[in-house]
Amino acid sequence: LNANGTLQRIYDPLSGDQASGTGRVQFDNNIIPVGRMNALSRRLQDYYPLPNVEGTGAGGFTNNYRTTRHAFTDRHNYDAKVNWNRTSSHQLWGKYSHMNAVVDDLFNFPLGSSDDDGCDTKVHLITGGQTWSFGKSLLLDSAVGVSIMDQFCSSADFGLGMLGLDFGIPGTNDQGRGDPRYAGMPEFRTGFQALGNSPTWTPTYRDEGTTSISSNVTKVVSNHDFRFGYRLDYLHLDNWQPERANPRGRFDFAQNSTRTFGTGSQTANFYNMYAAFLMGLVGTARKSYQYELFTGREWQHAMYFRDRWSVNQKITLDLGLRWEYYPIMTRADRQIEMLDRNTLDVLIGGVGGNPKNMGLEAPKDAFAPRLGGVYRLNDSTVLRSGYGVTFDARGMSAQEAFRGDFSYPLVLNALFQPVAGTNTFGWYGTLNQGIPLLTGPDLSTGRMHLPNDYGMQTAVPESTHRGRTHSWNVALERRVF
């Protein structure tokens, strides 16, 4: 029964017109015959636990089961630093930091949690630098740093093997490729709480690092304090994470297949979707397959100049200008890929006569002024004001247009839907048919057509223009005592 007391009618999807939904016949007594139920669905249904609390909503089927989750965080940080005063004017230093963090907080319904789910993150940071004084008015400071992060994340079902294939559903998990990273339970959206609802971003294998070098010179001349410097960053990323369409597979059942259309018809709800699940009628099927490792290699450059000018005893001005340059990133062993939006062909930079950067140009006009001023009204009152521009300095591999998890052919994100004309009241296939085998393209020609069942997010020329933030501030400082 629905929340308003009406009976939600369940119709035979094999009756009537599949394209329009008209003419369908309601099941006798609103009960699906046992012979029409899918054997795989009945096996999956056994995973639902019995209610253990009184539910709410239609039929009392909402919030009618409670369980206990166990989560913990265990983090250890270690730091060691050495300073060496080589001379009275020259200091050297080095530092090592390490973090080992385990966060156990992921949950799978109906499998629960385990001691091995969550994320294990290890970070190593090695830095060194110097400060060197050349007389009373000249100072050189430099630093170099290397940061390395290694992360592995998995859900509670990861250690249970290829559950979808074990159920007998073709095309799930690793599709028979022998790759243990696709282990776990596919997701089944039945109308009730989804079975196998592990986060689709798991498992995650992430190796990320940054190398940074900076050097700055400070020179004091009369009432001017000049400072200028340069910074170089190198970022690398190796990431296995085919998350967009679920690496284990996902099935949404065809709720409109068990309703009719016409005078007096009802809108489909979770009862209709569960009925489709019991008959194994899949509305849409999804699957992610990582064809290449997500990689990113990129350089970042920045230079700046600043003059802190003491105009007089009352006024100090801080005048600075920063310039930043972000060359187009590459993959580990090839150039960037891009979708030709006119032909829907995917092009690989530098292959088959394609431009190296696919027409992407790194802007060279990223100038960021930084201005500030201090005005001392009297011995107790100071007025401060400032303005600055900041550019988005995230690595390109972290930005949506360049991320690998939705970029064909690095990952194949497939969506399988009913054939044209039946997509409203029909269904794609059955659980027994599963998901077709996903196969990657030949990259050697530098051009491949984007298959109709696959999605892609692509960079465009505008993607290289970084966001900027303008900041203003005014403050009045008053000494009271």
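In what follows, residues are counted from 1 in the order of the sequence shown.
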Would [X] and [Y] pass as an ion pair if we require N to O under 4.0 Å?
X    : Y    : answer
R334 : E337 : yes
R297 : D333 : no
R466 : E324 : no
K81  : D79  : no
D238 : R206 : no
R177 : D179 : no
D345 : R447 : yes

Next on the checklist: I need the L281 CG to N272 CG distance, nearest 0.5 Å.
Outcome noted: 12.0 Å

Checklist entry - Are any of the side-chain heavy atoms of I328 and T464 separated by less than 4.5 Å? => result yes

Check whether any side-chain N or O of [X] sits under 3.5 Å from a backbone N or O of [Y] as a donor-acceptor pair, and report yes or no.
X    : Y    : answer
H124 : S97  : no
N173 : G184 : yes
E208 : S147 : no
K287 : P247 : yes
Q241 : Q290 : no
Q175 : T172 : no
T458 : L339 : yes
S397 : G296 : no
Q300 : A393 : yes
R24  : S257 : yes

Checklist entry - Is the distance between the ring centroids of Y274 and F277 under 6.0 Å? => result yes

Checklist outcome for this item: Result for ring-ring contact (aromatic ring centres under 6.0 Å, His included) between F192 and one of F270, Y65, Y47 points to F270

Item to check | Exercise: identify the closest heavy-atom pair between S265 and T260 | outcome: CB-O, 3.3 Å

Checklist entry - What's the verdict on ring pair (Phe, Tyr, Trp, His ring centres under 6.0 Å) for Y182 and W240, showing C-alpha distance, side-chain angles and the deciding distance? => result CA-CA 11 Å; Y182 290 90; W240 193 94; 5.1 Å; yes

